[in-house]
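FYI, side chains are in, hydrogens and waters are out, and symmetry mates aren't considered; it's all heavy atoms of this structure. In what follows, residues are counted from 1 in the order of the sequence shown.
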Amino acid sequence: MNSARDPRIAIVGAGLGGLTCARVLQQHGCSVAVFEREASADARPQGGTLDMHADTGQAALCSAGLLDRFHALARPEGDEWRVLDFATAAPLAQQGPSATGGRPEIDRGQLRGLLLDSIAEGTVRWNRAVNAVTPLADGTCRLLFGDGTAEDFDLVVGADGAWSRVRPALSHAAPGYTGVTFVETGFDHCDTRHPDLARLVGNGSMLAKGAGRSLVAQRNSNGHIRAYIALREPEDWHVAAGIDLGDQRAVRTHLLRMFDGWDESLRYILRNSDSGFINRSLFVLPTPHTWEHVPGVTLLGDAAHLMPPVGLGANLAMLDGSDLAHALVTESSIGDAVRAYESIMLPRSIEAATGSAQGLDHLVPATAS
């Protein structure tokens, strides 16, 4: 960018996409501030394991100069998949890890930690919630913080996820419920405490599915298995069932009834998990989700193209962050950079969102296969 001064760039959200963008910008000598509403990097668990695709997530890591460090942490064997019959737990399909390690797995927390360690100290301003964004007449953008203060920037990047506070500056779109809810649970020290489940899951991921019901279990690092009980139900399924989600025993009992007729080795996931149950309703943005260019503001990742969690979201968010950063350091102005980035990102996200919707239907079919 040709400018009489360094452009003031703010990224809202210290997730994978925002941190990738910050890392690439700093590699090219650009100043950037990342504003995060959480109090610290370890304020909450970061979620399960991610498969990094060669042409998206790994490409972004390569452009950020972090691919070698990623491979030192990643688990190529985690790319293994197996599908089991829900009634017998007999294998229906199996895929071993790619010979080239095409989609190695890594815990989301490990990947975020890798990115955080790669940016300059003080880049992330923790406990700085952004409540709203206002584009200004001069092409800049004002951040309104939760503490009542405000600050102006030449570019604000909304990397703040599904319920983005930046998105309304560009779009009236809001996430809608997919009709599917994941109920998350987990198992610790699985090879010693849950050896039968460990063998059932293998080195990667296991899927069993029936009509409107699925069980997914994934190996994480340090002997942990994370499981998702997938339900094609109304968002308030627990209200209709008269269940308090805080009553873990009642949730367990009800889920076991919902999976009546499933093989007992699979129902083990419902009976014997170490952690409680976390209800996660799945939301998506409309497809296509586009907007007219607004000076001084853009979006990346889930803020731009929230889609079902079937392996693309984190990869695309990181590629978005890398592509935007490269546009900012190569184009002659911020406006040209954002237009160039959006001209690539928006069509790509529409195609990915369509594929992700199909992937969710495959993962949790409405009727028996």
Side-chain angles (χ1 to χ4, degrees), residues 10-23 32-48 50 56-57 60 107-109 111-113 115-116 123-133 141 143-146 155-178 180-182 184 235 278-287 289-291 297-325 341-342 345-346 348-349 352-353 356 360:
I11 296 172
V12 181
L16 300 178
L19 292 173
T20 301
C21 188
R23 161 67 179 182
V32 60
V34 179
F35 296 98
E36 172 55 54
R37 66 176 51 247
E38 292 179 358
S40 66
D42 56 1
R44 65 176 176 86
Q46 290 301 305
L50 301 168
T56 49
D107 287 10
R108 181 182 287 268
L111 183 55
R112 190 187 191 216
L115 288 163
L116 282 168
T123 300
V124 179
R125 319 286 174 83
W126 300 102
N127 204 27
R128 290 287 280 160
V130 171
N131 281 0
V133 173
C141 212
L143 289 185
L144 306 174
F145 294 98
L155 177 65
V156 169
V157 180
D160 50 341
W163 307 103
S164 171
R165 301 300 180 92
V166 181
R167 188 190 300 124
L170 290 163
S171 164
H172 296 298
Y177 180 54
T178 61
V180 174
T181 290
F182 282 3
E184 179 185 326
E235 187 183 353
I278 303 171
N279 193 69
R280 301 193 185 281
S281 302
L282 303 187
F283 289 81
V284 295
L285 282 166
T287 304
H289 178 227
T290 61
W291 57 85
V297 60
T298 193
L299 305 172
L300 63 76
D302 285 351
H305 44 69
L306 178 66
M307 59 188 72
V310 293
L312 290 172
N315 282 275
L316 284 182
M318 294 171 67
L319 188 61
D320 289 351
S322 172
D323 284 350
L324 175 57
Y341 157 71
E342 290 175 349
M345 180 273 292
L346 289 171
R348 176 174 69 204
S349 68
S356 290
L360 185 63

Are side-chain heavy atoms of [X] and [Y] found at a separation under 4.5 Å?
X    : Y    : answer
T56  : L312 : no
F145 : N131 : no
F35  : D160 : no
H305 : L316 : yes
T181 : L282 : no

How long is the span from the [atom1] atom in [X] to the [atom2] atom in [Y], to the nearest 0.5 Å?
X    : Y    : atom1 : atom2 : answer
L16  : L50  : CG    : CG    : 6.5 Å
M318 : L300 : CE    : CG    : 11.5 Å
R23  : L115 : CZ    : CG    : 8.5 Å
I11  : L19  : CD1   : CG    : 8.0 Å
R44  : D42  : CZ    : CG    : 11.5 Å
E342 : T298 : CD    : OG1   : 3.5 Å

What heavy-atom pair brings A304 and W291 nearest, and what distance separates the two atoms?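 Scanning both residues, the minimum pair turns out to be CB-CH2, 3.9 Å.
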Which atom of S349 lies closest to which atom of M307, heavy atoms considered: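 In terms of heavy atoms, the two residues are closest at O-CE, 3.9 Å.
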Short side-chain to backbone donor-acceptor contact, [X] and [Y], under 3.5 Å:
X    : Y    : answer
R167 : A303 : yes
S322 : L319 : no
E38  : A43  : no
D302 : G161 : no

Salt bridge check, D320 against R348: does any charged N sit closer than 4.0 Å to a carboxylate O?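 So R348 pairs with D320 through a salt bridge.
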